[in-house]
Amino acid sequence: MTTPAIPNTPSKFFVTTPIYYINDRPHVGHAYSTIAADVLARYWRQKLGDENVLFSTGTDENSKKTIEAAREANQDVTAYTEEMAAVWQKTWDSLGISYDDFIRTSEPRHTTAVQDLVTKIHQAGDISKGVYEGPYCFRCEAFYKDDELVEGLCPIHKKEVELVKEDNYFFDLPKYSQQLLKLIQSGEFEIQPESRRNEVLSFIEQGLEKISISRANQDIGIELPFDSSQKTYVWVEALINYLTVAGYPADSYTDWWANVTHIVGKDIIKFHCIIWPAMLLSAGLGLPKRVFVNGFFTIDGEKISKSIGNVIDPVTLVAEYGNDALRYYILREIPFGSDGNFSTDRFAELYETELGNNLGNLVQRVAVMLTKYAGGQLTDYDKPPVPDVSKHIENFEFSQAWQALQKFFDSLNARLEQEQPWKVAKENPLKAAQILSEVAGALLAVEPVLRPLIPESAAKIRATFADGQVDSSIGVLFPRIGPRIEKEA
Ligand code: MSP
């Protein structure tokens with residue numbers, strides 16, 4: 001028996017990132033949704049316990065893009081796929097991403113889930129045969145209407161599209177328009193931010209059309225359960241990864257399915273906010289609780305692109321600055337949901353000022369002074385109030401959470417400047433120990449709040465002041481700027 005959920009206090013939390021195409025290597029844009037999902041997963045693990053949180057990411061492999069990329073790399077498709085899936089997984093590992101499941105769409109468990117769900121949609125009478133005729137961009141893996149093309153080219157990639165004419169199966173998307181509108185309007189199916197919700201509503205209101213859900217003559221992909229001559233359209237199949245992770249078709253999938261949050265980029269909202277919920281309605285399954293849409297990163301003002309040559313590899317960045325620096329920059333600098341610019345100069349500036357000076361140096365100063373003036377022992381102190389940023393985190397307001405936390409660090413720094421424990425120590429060492437212990441106590445008290453946001457630094461703060469005893473072997477939090485303790489020296 002599961003405990004009934006109390007409103008706003010779910011018993012389980014399932015968060016997903018999009019599954020990434022393997023024709024390319026990860027860049028900082030991809031790290032955006034993955035880091036946000038990681039913060040949420042860590043936050044909810046603290047609240048609900050590890051066993052009640054599921055965080056998934058993975059790779060979307062059954063695409064024609066994979067075949068093209070393998071050919072370009074002069075590699076066999078299977079070897080290429082293995083290599084690239086490992087590149088993605090290792091990237092998230094080196095960024096310290098705490099995913100519970102890394103799903104690959106080439107796995108047998110995924111084929112099982114896809115065939116089961118597609119069978120349910122077929123049995124519901126929502127799939128019919130037809131002829132697909134029109135433009136298709138394999139880079140997007142998407143069908144376009146003639147009037148959506150820009151000068152005859154794909155509106156996203158600005159490259160030529162294929163003209164496809166083949167027998168396909170179609171899904172009756174329009175059948176679910178009214179039901180979807182109601183679910184979105186009532187907030188039962190939540191789309192955030194508001195602007196994206198409105199975009200989806202107006203798209204549905206303009207009228208939906210049946211969509212092709214299969215491909216003939218394709219080498220890669222999962223066979224349709226009712227016609228083995230056709231492969232399931234890669235987007236239809238990729239969306240089902242979320243169910244595969246939850247354990248579908250085993251009944252226990254519903255444990256996770258009761259509270260799903262999808263994080264997706266703004267380019268893929270029609271798939272996640274229209275096609276996906278309609279597929280679930282058709283199959284008689286529940287909808288995700290919400291879809292949160294993140295904006296796009298540019299780099300120094302330009303679109304991230306291989307041809308422009310401005311791709312920033314997150315692994316290189318964290319090797320230099322550390323994982324927490326990337327997490328901080330990504331979530332503090334750009335309000336989640338908006339588009340934003342990734343600037344390497346600004347990255348270095350925030351590392352030095354807000355992380356290095358405001359937080360790292362604060363921890364270091366207090367640890368050094370406690371060692372010098374109080375034998376490294378914290379005296380008793382009252383537990384200070386710390387900012388509560390839980391609502392900000394739950395609502396993806398990471399940047400606001402950071403503003404509140406930085407204010408708190410400001411106040412601790414200001415206290416040291418005002419009370420000058422290094423001077424007080426000369427006359428009254430007990431008083432100096434008291435001031436320093438209170439500041440260290442405040443850092444210890446805020447440490448659990450920092451854990452989901454900057455886990456490695458939080459662990460260092462914890463270790464530095466653990467058991468009321470300063471451990472000076474832990475070292476500085478942000479070593480690239482080094483310790484700055486001139487005043488007290
Ligand atoms: N495979 C599909 C998703 C299937 S989910 C069932 C896909 N893959 S992708 O690799 O092209 O993109 C994955 C995610 O990365 C998308 O959410 C996309 O919006 C995001 N981003 C790609 N470039 C980005 C930026 N420059 N900035 C922010 N997010 C970016 O689409």
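Residue numbers count from 1 along this sequence. Just the heavy atoms: all of them, side chains too, but no hydrogens, waters or symmetry mates, feed the values below. In listed order, ligands and their atoms are each counted from 1.
The 12-atom threshold is exceeded at NZ of Lys158, counting heavy atoms of other residues, nucleotides or ligands nearer than 6.0 Å. Counting non-hydrogen atoms of other residues, nucleotides and ligands closer than 6.0 Å to CD of Gln178 gives a total of 12 or fewer.
Residue Pro314 is tested with Thr34, Ile35, Leu326 for a side-chain contact (heavy atoms from CB on, under 4.5 Å); the sole match is Leu326. Residue Tyr169 forms a side-chain contact (heavy atoms from CB on, under 4.5 Å) with just one option from Ile211, Ile213, Ile121, and that option is Ile213.
Using a 4.0 Å cut-off between heavy atoms, Lys303 makes no contact with ligand 1 at all. The proximity of Trp235 to ligand 1, defined as any non-hydrogen pair under 4.0 Å, is limited to the side chain.
Thr112 contributes a side-chain N or O that, together with a main-chain N or O of Pro108, makes up a donor-acceptor pair within less than 3.5 Å. A donor-acceptor pair under 3.5 Å links the side-chain atoms of His110 to the main chain of Glu237, judged by distance alone. No side-chain donor-acceptor contact under 3.5 Å links Thr254 to the backbone of Trp257.
Closest protein heavy atom to atom 20 (C) of ligand 1: His30 CD2, 4.4 Å. The protein heavy-atom contact nearest to atom 29 (N) of ligand 1 is Gly29 O, 3.3 Å.
The closest approach between any non-hydrogen atom of Trp276 and ligand 1 is not below 4.0 Å. Not a single heavy atom of Glu141 sits less than 4.0 Å from an atom of ligand 1. Distances shorter than 4.0 angstrom occur between a heavy atom of Tyr242 and an atom of ligand 1.
Ring orientation note: the planes of Trp235 and Phe271 are close to parallel, at an angle under 30° on the 30°/60° scale.
Geometrically, ligand 1 and Tyr20 share no nitrogen or oxygen pair separated by less than 3.5 Å. Ligand 1 has no N or O atom lying under 3.5 Å from any N or O atom of Phe296, backbone or side chain. For the pair Asp60 and ligand 1, the shortest N or O to N or O distance falls below 3.5 Å. Considering backbone and side-chain atoms together, Ala238 places no N or O closer than 3.5 Å to any N or O of ligand 1. At least one N or O atom of Phe297, backbone or side chain, sits closer than 3.5 Å to an N or O atom of ligand 1. Among the atoms of Tyr21, some N or O lies under 3.5 angstrom from an N or O of ligand 1.
Among Gly295, Ser33, Gly265, the residue whose heavy atom lies nearest to atom 28 (C) of ligand 1 is Gly295. Around atom 16 (C) of ligand 1, the closest heavy atom drawn from Val28, Ile268, Thr298, Asn23 belongs to Ile268.
Asp126 and Tyr176 share a donor-acceptor pair across their side chains, judged by distance under 3.5 Å alone.
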Could you go through Lys266 and Asp339, starting from their C-alpha distance and side-chain angles, then the distance that decides it, and tell me whether this counts as side-chain contact (heavy atoms from CB on, under 4.5 Å)? CA-CA 9 Å; Lys266 65 174 183 178; Asp339 288 338; 2.8 Å; yes
